[in-house]
Amino acid sequence: MIDSAVDDRGVSPQVFRDLMAAVCAPVTVVTTMDGDLPVGATVSSFASLSLTPPLITVAFDRRSRVLAAIRDTGRFGVNLLGQSQAGLAVLFATRDADRFGRTEWHSDHGLPRLDGAAGWLDCDLSEAVEGGDHLLLLGHVVGAGRAEYPPLVYAHRTFGTHSHYGERFRPPITDSLAALAR
């Protein structure tokens, strides 16, 4: 085990950053509109918060252009990326990239939705909570959809997926239909 270095405030930022890099996180691209232009950014600080009402959280650096647009519009979309979409995660994390010009997307209820994502959430901004150098956004989920794709996750500064996702047991559709008929 690596001992943590501390400074006068507690754990050093580098030790904290390295520790958090080891935590497996889902990879999302959060999108909204900035006037007539779609904007989006890769976000790995995403979590489910509440079932009733359906709430999620995402965190943004206070300097984010996407954060400013979300606060202006009061709405945002969360594209949960699939295992094959690591390239999109990198694209939407790259400054000054032509993000929407280099990927397939469409408008879904007025929000940019990336084609082929493993999941989609349409959110109204419920609250913005102060959190150090970031703001934690609480999104009220008003629409959702999913596809049966392995999720893209990020840990140890690399992309991957859940190790046994593709191996999990899935009964044939005929078994499922027979069970429903009973």
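Starting from 1, each residue takes its place in the sequence as its number.
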| query | Sub-3.5 Å donor-acceptor pair from the side chain of T161 to the main-chain atoms of P151, do we have one? | reply | yes
| If only atom types and distance count, is the side chain of T94 paired as donor or acceptor with the main-chain N or O of V90 below 3.5 Å? | yes
| field | E130 with R62: basic N within carboxylate O range, under 4.0 Å | value | yes
| task | Work out which heavy atom in R71 is nearest to a heavy atom in L135; give both atom names and the distance. | result | NH1-CD1, 3.2 Å
| message | Determine whether a donor-acceptor pair (N or O, by modelled atom type, separation under 3.5 Å) exists between the side chain of T28 and the backbone of V43. | response | yes
| said: Are there over 12 heavy-atom neighbours, none belonging to H109, within less than 6.0 Å of that residue's NE2? | reply: no
| field | Distance (rounded to the nearest 0.5 Å) between F76 CZ and T31 OG1 | value | 9.5 Å
| Nearest heavy atoms of T32 and P112, plus distance in Å | O-CG, 3.4 Å
| request: Identify the two heavy atoms, one from N79 and one from L114, that lie closest to each other, and give their separation to 0.1 Å. | output: OD1-N, 2.8 Å
| request: Would you please test L91 and F100 for side-chain contact (heavy atoms from CB on, under 4.5 Å) and show each step? | output: CA-CA 9 Å; L91 175 63; F100 288 92; over 6 Å; no
| field | Shortest non-hydrogen contact between A59 and L136, atoms and distance | value | CB-CD1, 4.1 Å
| query | Salt bridge between R75 and D122, side-chain N to carboxylate O under 4.0 Å? | reply | yes
| So V129 and E127, side-chain contact (heavy atoms from CB on, under 4.5 Å) or not? Walk me through it. | CA-CA 6 Å; V129 179; E127 190 174 346; 3.9 Å; yes
